[in-house]
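Everything numeric in this text was worked out from a predicted model, so none of it was measured. For this chain, numbers begin at 1 and follow the sequence in order.
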Amino acid sequence: DWDMKASRDLPKMIDKLKDYKDKKVLTVCTFGVRCEKMSAYLLDQGFKDVSQLHHGIGKYMAKYPGEDFKGTLYTFDNRMTIDFGAKDGTEREVVGKCFSCSLKTEKYGHCAFSMCHQHLLLCEKHLKQNIFCTEKCEQDQKTIQSRVSNYMQNTFATEQ
């Protein structure tokens, strides 16, 4: 685990990873595209023994539902999560926590700032509210709303 938030972080981290060039490296992503690209990049950077999980963790979870993992799988599309079920028909463990209140959840919403829309884990209560991922996003949204309001007031005032 190299603590990357996104595959695009790999080139920035390559110098920190030089101790792994002669070790076995396995790349894993959701459905195999990004890990294939990362594997090729690592080989290009001189890594010797690089593999990837064929078709990603999503294919693995579909083949072995309820095995060796908890919760749902986060996706980058409109589904946001895929539930592969629990082992032996038991209830699947919810492992996510609401961004706002830390209640267990696996539902995603978006930052309320119209220019951000970062995915956030949100409980049922907070899915129905405007939640911002940072104070800066909240302030930027207020600034835009204020500018639009001022523009509309000035436009209609000069037309009359």
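- From Q118, atom CD reaches atom OH of Y108 across 10.5 Å, with rounding to the nearest 0.5 Å.
- Counting heavy atoms from C-beta on, the side chains of F31 and L73 come closer than 4.5 Å.
- Judged by distance alone, with hydrogens and angles left aside, the side-chain atoms of K48 form a donor-acceptor pair with the main-chain N or O of G46 at under 3.5 Å.
- Of the possible donor and acceptor atoms, one in the side chain of T105 sits under 3.5 Å from a partner among the backbone N and O of L122.
- Atom-to-atom distance recorded for K125:NZ and L127:CG is 12.0 Å, nearest 0.5 angstrom.
- Heavy atoms of other residues, nucleotides or ligands lying less than 6.0 angstrom from CD of E135 number 12 at most.
- In this structure, K107 and M80 have side chains that are not in contact, with every pair of non-hydrogen atoms separated by 4.5 Å or more.
- T134 has its side chain out of reach of F113: every pair of non-hydrogen atoms, C-beta onward, lies at least 4.5 Å apart.
- Ring orientation note: the planes of H119 and Y74 are nearly perpendicular, at an angle over 60° on the 30°/60° scale.
- Residues L121 and C98 form no side-chain contact, since every pair of their non-hydrogen atoms from C-beta on lies 4.5 Å or further apart.
- With sequence neighbours left out, the side-chain hydrogen bond (donor to acceptor under 3.5 Å, both in side chains) criterion links Y64 to no other residue.
- Summarising the local packing, OH of Y20 is surrounded by 12 or fewer heavy atoms from other residues, nucleotides or ligands at distances under 6.0 Å.
- Remark: L103 CG to K97 NZ distance equals 10.5 Å, nearest 0.5 Å.
- Judged by distance alone, the side chain of S149 and the main-chain N or O of Q145 form no donor-acceptor pair under 3.5 Å.
- Without hydrogens or angle criteria, S146 side chain to K142 main chain gives no donor-acceptor distance under 3.5 Å.
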message: Run the side chain to side chain contact (heavy atoms under 4.5 Å, CB included) test on M38 and M4 for me, step by step, so that the C-alpha distance in whole Å, both residues' side-chain angles and the decisive distance to 0.1 Å come before the verdict.
response: CA-CA 12 Å; M38 288 189 293; M4 292 190 314; 3.9 Å; yes

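- A donor atom on one side chain and an acceptor atom on the other are found under 3.5 Å apart for T72 and E106.
- Separation of atoms CZ (F84) and CE (M61) is listed at 5.5 Å; rounding is to 0.5 Å.
- In this structure, S7 and C29 have side chains that are not in contact, with every pair of non-hydrogen atoms separated by 4.5 Å or more.
- When atom types are taken as modelled, the side chain of K24 and the backbone of S51 share no donor-acceptor pair closer than 3.5 angstrom.
- The hydrophobic cluster containing I57 does not contain V33, counting ILVMFWY residues as joined when their side-chain heavy atoms lie under 4.5 angstrom apart, directly or transitively.
- Linking ILVMFWY residues whenever their side-chain heavy atoms come closer than 4.5 Å, directly or via other members, leaves L120 and M115 in distinct clusters.
- Summarising the geometry, atom NZ belonging to K23 is positioned 12.5 Å from atom CG belonging to L17; distances are rounded to the nearest 0.5 Å.
- Note: L10 CG to Y41 OH = 6.0 Å, rounded to the nearest 0.5 Å.
- A donor-acceptor pair under 3.5 Å is absent between the side-chain atoms of N150 and the main chain of R147, judged by distance alone.
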